[in-house]
Amino acid sequence: MTTKNSTTHQRPVSTSDVKINTSDHAALGVNPKQNISSKNGVAESLSAADGPSEADSNGPADSNSLADSHTVLSLQHVKVASRLWVEDLHAKKGECIHIIGPNGAGKSTLLLTLAGLIETDEGTVMLLGKPMSNWSLATLASVRTLLAQQSESSFHLSVKEYLSFYAAAERDVLIPAVLEKALEVSGFLNKILTQLSGGERQRVEICRSLLQIWPQLERGEGIALLDEPLQGLDIRHQYALASLVKFLCEKGNTILMTSHDIALSANYCDSLWLLQKGRMVAMGEPRDVATQANLEKVFECHFAISKHDNFLEIQVCAPISLE
Amino acid sequence: MTGTKRTAVTLVVITVLLSLVIGVVGIVGVTGLSDTAAELKQHIIVQLQIPLLLTAFLVGAALSTSGATLQVVLRNPLADPGIIGITSGASLVAALLLLLTPQWATAYLHYLLPLGCFIGALLSTFIIYRLARKLLGSSTAVILAGIAISTLSGAIIAWLYMFSDANALRNLTFWLMGSLYQTNWLILSVGGPLIAVAVALQLYFAGDLNKLYAGELAAKSSGVDVDKLTERSLIVCAIAVGAAVSMAGSIAFVGLLVPHILRLIIGHNNRYLLPLSALSGASLLMLVALSSEVTRVITLPVSMVTATLGGPLLIWALAKGQIKG
């Protein structure tokens, strides 16, 4: 018996995955000739894009010590209300981090802590070299965004109106081309929010959270914390989203997302974090973290893992017995 | 803003301005009595008609803007100053004052009444907010706590009825159903600025209120201090509603009705919705004032008129699917 995790996965990181074609690069202000999977190319175009303004746009990062100038987010000896105990965590600029773990492992708490929305009992959270307590909610909002798991609205707004409230700036085109490629929300801009299906609603929510810091994401300076963005999405949009996240990270943005799809996450992240009962069990390269021993210990299932070049195939073989 | 929206806004503004003009011209013009001496005429206009107009304008603006704000802050389309109990606290204090003030003190009632309503509104808001936070911590809890407080105030007012004389009763009844004729320049000079400031503050909150549509966490993530905003909005609404109740008694429905109808026309953006609610509420009450000026024979209780107009409109809004739980 297998679960959806056994679905065959395409190889990630190739441009064909997201179907992001050259016209999107133009929309993003990236030289269309450059290939997105070439990190050098992206870095070049980025430095060209924000070279002179870097000093002032990176204000809070000025205090960075040279040693961790690439760390955008870090946690040290953090304890949060008997839900999370974390010794030392770092998220580097441009890193794509997926966080996995069983229900109640503290994934959401970790994201909320990193977003600066829950107070820690102990320890320090640093964002761009500045302690979280020195950030105001308003300045935080222009640097990082959070996709929370539940969001309610009993008002009958149209999707378009809803998104416009959260967009960082007035734009001629509300939805940037890349977002539209991955999320495909244009089709229901005029629909009423409460009439969308669960998956459609989730795509709108992802779009909303990314629009909040879109200018930063475009410059490759954004930080996005996405709590189970894959929830409710159909398989096509799951992979489109994973590719979008990867793509944004390659531009220099830092994205942390939680997920329950181990097989997808293991192949679409730079760093995989494995949480259990509020503690970090393993973190690092997916192939080092998504090992049979680690996964079986944390998830209490049997896994079959096989490695191909740079692709991890992960299958759940025997889930919990009901007897 | 899209073209259609701009048209809608323009339309609403034109309608509102038109009804304002009709209201002003109507009420000041209806003074009629062509054979009255010019001096008396002037006296009627200055002492009766203009205060009446101003009261209608201020109370209408205060109630509908507060209704719109409360609906967003409590994330419940059913919120209304009346339904969530702010009005009832003010009414209770007013009832106590009207019925229990000894004879010798009636001269000071004009000062006491606005002040009392105010304290009543603030107190009940505070209790409701506290109760809701302690008990359940959700926006539905505020409505439940509000209903509890309203019921309690209603019961106390009913007890007071049993023990008061006929004259005081008539006063109170009129007051509980709302009346635009109880004001004078003194009450206006106290309540007017309060309402102006409270409404202006609500307009100032509009941008942040927009971000509450996605829920508390999303609003926080986009830079809004939700707790502070909720607290401030509730206080400001209590001030506006308290001042309105002290001027015109409790007027039902305006706070629920006006924002809902406007949302059907111009959408949910509070930057447009709040100012237009203020204007539309103001012109609605001015029309009510005009209608009772025209009928003349009897002074209609305002709530009677607003409920008669409002009931069918609300049913229409329901049928259009605007209001669902």
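Hydrogens, waters and symmetry mates play no part in the numbers below; they use all other heavy atoms, side chains included. In the text below, chain A, chain B and the rest are named by the order of the sequence lines, each starting its count at 1.
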Between [atom1] of [X] and [atom2] of [Y], what distance do you get to the nearest 0.5 Å?
X: B:Lys220; Y: A:Leu140; atom1: NZ; atom2: CG; result: 12.5 Å
X: A:Ser136; Y: B:Asp225; atom1: OG; atom2: CG; result: 10.0 Å
X: A:Gln212; Y: B:Lys211; atom1: CD; atom2: NZ; result: 7.0 Å
X: B:Leu209; Y: A:Phe165; atom1: CG; atom2: CZ; result: 10.5 Å

| field | Heavy-atom closest pair, residues B:Ser222 and A:Ala141 | value |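 Heavy-atom minimum between the residues: C-CB, 3.2 Å.
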
| task | Indicate the atoms forming the closest heavy-atom contact of B:His268 with A:Glu161, along with that distance. | result |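 Answer, listing the atom of B:His268 first, then A:Glu161: N-OE2, 2.7 Å.
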
| query | Mind checking whether A:Phe155 and B:Tyr213 have parallel, tilted or perpendicular rings, split at 30° and 60°? | reply |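 Correct class here is perpendicular.
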
| Between A:Tyr166 (side chain) and B:Ala214 (backbone), is there a donor-acceptor pair under 3.5 Å? |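 Yes, the answer is positive, given that a donor and an acceptor are paired below the 3.5 Å cut-off.
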
| field | Heavy-atom contact with chain B under 4.5 Å, split by part of A:Leu112 | value |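 Side chain only.
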
| field | Derivation of the side-chain contact (heavy atoms from CB on, under 4.5 Å) call for A:Leu117 and B:Leu217 | value | CA-CA 8 Å; A:Leu117 295 182; B:Leu217 264 182; 3.9 Å; yes

| query | With a 4.5 Å heavy-atom cut-off, do A:Arg144 and B:Ser221 have their side chains touching? | reply |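 Side-chain contact under 4.5 Å: yes.
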
